[in-house]
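Scope of the values below: all heavy atoms of this structure, side chains included, with no hydrogens, waters or symmetry mates.
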Amino acid sequence: MPVILNEPLSFLQRLTEYMEHTYLIHQANTTTDSMERMKCVAAFAVSAVASQWERTGKPFNPLLGETYELIREDLGFRWMSEQVSHHPPVSAFHAEGLQEDFLFHGSIYPKLKFWGKSVEAEPKGIISLELPKHNEAYTWTNPTCCVHNIIVGQLWIEQYGNVEVINHKTGERCSLIFKPCGLFGKELHKVEGYILDKSKKKLCAIYGKWTECLYTVDADTFDAHKKSDKKNSEEKKSNMQVQYDMPLPDGDTVQVIPGSELIWRIAPRPDNSAEFYAFSTFAMQLNELEEDMKGVLPPTDCRLRPDIRHMEKGDIDSASAEKKRVEEKQRLSRKNRSKSTEEWKTRWFHQGTNPHNKAQDWLYSNSYWDRNYSLLPDIY
């Protein structure tokens, strides 16, 4: 892919944007009610994909062995990730609260499908959140992301699919539907669903838009509103025109049902975001290489990757040449390994069983923050 289609971040850095709304995890920790915690965790799961809104630039594919770390004392976490496989491409990550108040970990394998005018990314892999204070673990998977009009027209993004957040201690679950746009664009960006107890009784409803905000309301009130809304929609449908290009959302705000409580709102983007790949403030800071990091970061960290650094500076020709060079270097290393008995060994993660849902997963090996990076490969 030509480098001009990229944004100046690696996919490992893009994954780190899950942590932009970490305050929701801290909020979950402070409440004694498991349903209130589920509201916060469900909002965190939705907020994790919010940064993708209008982000039509492709992140750089991580090289095998590439890593990324981020310490945010102001947000109360530290994060590290590693590209653990190249074919298929798998990125593993592990974050922990600085007060040892949570663990957030998982692995993502973005399975791409091309549909002529659009490209669909299905992020296979398990995401886990552990809250030791409450002895709870939650797991979920992300929705599918689709970028439309990749050949001609204005690019636009939608997320769709079912996301089920499970509390493995209480049996409670939050079943969310990321709605596909539909012919009239009315459902664009909408998310809705219910928190259910272990006997599948509805405890409350959650609704909103993944690009904007989420509310919670009594389940009966929500169902009555949906019934009324459906009736009104059918009456208006005859006056609407079918759209085949970019749909227009139904206003900039979510229609708030009386009695609703706001549980999450997206952080506003900086005024110059459109000039900088539609980055949020959080995303703009991810490639920052501060003086005190030099000599501390491992040589595999994304911030040291030359093609991304050149692109960030606006030197597209150098970025393209460096991208070609590091990818060729990776191919040569793989070829040399295939000729010998040497196998690639991941440094910071190992394959194992997810302790909560028993599925195959990549588990953190606990040694990254010891800062012993002497045997790391030269990948750049």
Side-chain angles (χ1 to χ4, degrees), residues 3-26 47-63 65-83 91-98 104 108 266-323 326 347-348 368-371 373 376 378-380:
V3 78
I4 198 73
L5 299 177
N6 286 42
E7 61 177 29
L9 289 176
S10 167
F11 183 70
L12 293 183
Q13 291 166 307
R14 183 87 169 248
L15 277 182
T16 313
E17 294 179 59
Y18 282 173
M19 305 304 291
E20 183 169 357
H21 300 273
T22 305
Y23 74 88
L24 289 163
I25 299 178
H26 298 310
S47 77
V49 300
S51 68
Q52 294 182 28
W53 178 45
E54 297 186 333
R55 292 277 288 281
T56 53
K58 176 185 172 296
F60 281 72
N61 291 336
L63 301 166
E66 189 172 314
T67 61
Y68 182 71
E69 72 168 67
L70 184 67
I71 303 170
R72 287 290 298 260
E73 292 183 7
D74 56 331
L75 298 177
F77 75 84
R78 65 181 185 181
W79 161 291
M80 75 80 44
S81 52
E82 178 184 6
Q83 190 69 7
S91 309
F93 64 88
H94 180 91
E96 52 199 50
L98 295 178
F104 177 58
I108 299 290
I266 193 170
R269 290 186 180 173
D271 295 338
N272 60 353
S273 174
E275 300 159 43
F276 294 98
Y277 307 93
F279 281 1
S280 63
T281 303
F282 187 91
M284 286 181 180
Q285 297 165 345
L286 290 173
N287 212 37
E288 194 69 26
L289 183 59
E290 295 168 17
E291 276 304 314
D292 59 357
M293 293 177 179
K294 293 173 182 176
V296 176
L297 290 176
T300 50
D301 193 277
C302 303
R303 295 176 185 87
L304 306 174
R305 188 169 159 170
D307 48 356
I308 295 177
R309 186 60 65 190
H310 281 303
M311 187 170 188
E312 184 180 68
K313 291 175 179 175
D315 187 348
I316 303 300
D317 290 343
S318 296
S320 185
E322 283 295 312
K323 180 174 180 283
V326 294
R347 298 319 193 264
W348 314 115
Y368 177 84
W369 299 104
D370 296 345
R371 298 292 188 197
Y373 307 137
L376 291 181
D378 172 17
I379 59 173
Y380 304 142

Are E66 and V326 packed together at the side-chain level, in the sense that at least one heavy-atom pair is separated by less than 4.5 angstrom? no

What is the distance from atom CD of E17 to atom CG of L9, rounded to the nearest 0.5 Å? 6.5 Å

Rounded to the nearest 0.5 Å, what's the gap from CH2 on W79 to CD on Q13? Could you check? 11.0 Å

Any side-chain to backbone donor/acceptor pair from R309 onto N287? Under 3.5 Å, distance only. yes

Would one find more than 12 heavy atoms of other residues, nucleotides or ligands at under 6.0 Å from atom CG of N272? yes

Check the pair Y18, E20 against side-chain contact (heavy atoms from CB on, under 4.5 Å), reporting the backbone distance first and the verdict last. CA-CA 6 Å; Y18 282 173; E20 183 169 357; over 6 Å; no

Report yes if the side chains of V3 and H310 come closer than 4.5 Å at any heavy-atom pair, otherwise no. no

Measuring from D315:CG to D307:CG, what's the distance to the nearest 0.5 Å? 11.5 Å

Check: F104 ring centre within less than 6.0 Å of F77 ring centre: no

Please examine the side chains of I108 and L15, heavy atoms only from C-beta on, and report whether any two atoms are closer than 4.5 Å. yes

Determine, for E7 against R14, whether the closest basic-nitrogen to carboxylate-oxygen distance falls under 4.0 angstrom. yes

Let me confirm one number: the CE-CD1 distance from M293 to I71, rounded to the nearest 0.5 Å. 8.0 Å

Any idea which heavy atoms bring L297 and D301 closest together, and the distance? CD2-OD2, 3.7 Å

Does the pair T300 and T67 meet the rule for a side chain to side chain donor-acceptor pair (under 3.5 Å), with working shown? CA-CA 5 Å; T300 50; T67 61; 2.8 Å; yes

Would you check if the side chain of Y68 reaches a backbone N or O of F93 as a donor-acceptor pair within less than 3.5 Å? no

I would like to know whether L12 and R305 meet side-chain contact (heavy atoms from CB on, under 4.5 Å); could you show each step before the answer? CA-CA 12 Å; L12 293 183; R305 188 169 159 170; over 6 Å; no

Validation row: N61, Q83 side chains within 4.5 angstrom (heavy atoms): no

So, taking the atom named NZ in K323 and the one named CG in L63, what distance separates them when rounded to the nearest 0.5 Å? 10.0 Å

Is the shortest side-chain heavy-atom distance between P298 and Y368 below 4.5 Å? yes

Is there a side-chain contact between L70 and R303 in this structure, where contact means two heavy atoms from C-beta onward sitting under 4.5 Å apart? yes

Do you know which two heavy atoms are closest between A267 and H21, and how far apart they sit? N-CE1, 3.5 Å

What are the two closest heavy atoms between P306 and E322, and how far apart are they? CG-OE1, 3.2 Å

Might you point out which heavy atoms bring E73 and L98 nearest each other, and give the distance in Å? CA-CD1, 3.6 Å

For a 4.5 angstrom cut-off between non-hydrogen side-chain atoms, does W53 reach R55? no

Are R347 and E82 ion-paired here, with the side-chain N under 4.0 Å from a carboxylate O? no

Which atom names give the shortest non-hydrogen contact between L304 and P299, and what distance separates them? CD1-CA, 3.8 Å

Ignoring hydrogens and geometry, is there a side-chain-to-backbone donor-acceptor pair from Y23 to L75 under 3.5 Å? no

Atom pair NZ/OG1 of K58 and T56 - distance to nearest 0.5 Å: 13.0 Å

Could you pull out the closest heavy-atom pair between S10 and P62, with the gap in Å? OG-CG, 3.7 Å

Exactly one of F276, Y277, F282 clears ring pair (Phe, Tyr, Trp, His ring centres under 6.0 Å) with F279, and that residue is Y277

Evaluate the side-chain proximity of I316 to M311: yes if any heavy-atom separation is below 4.5 Å, no if none is. yes

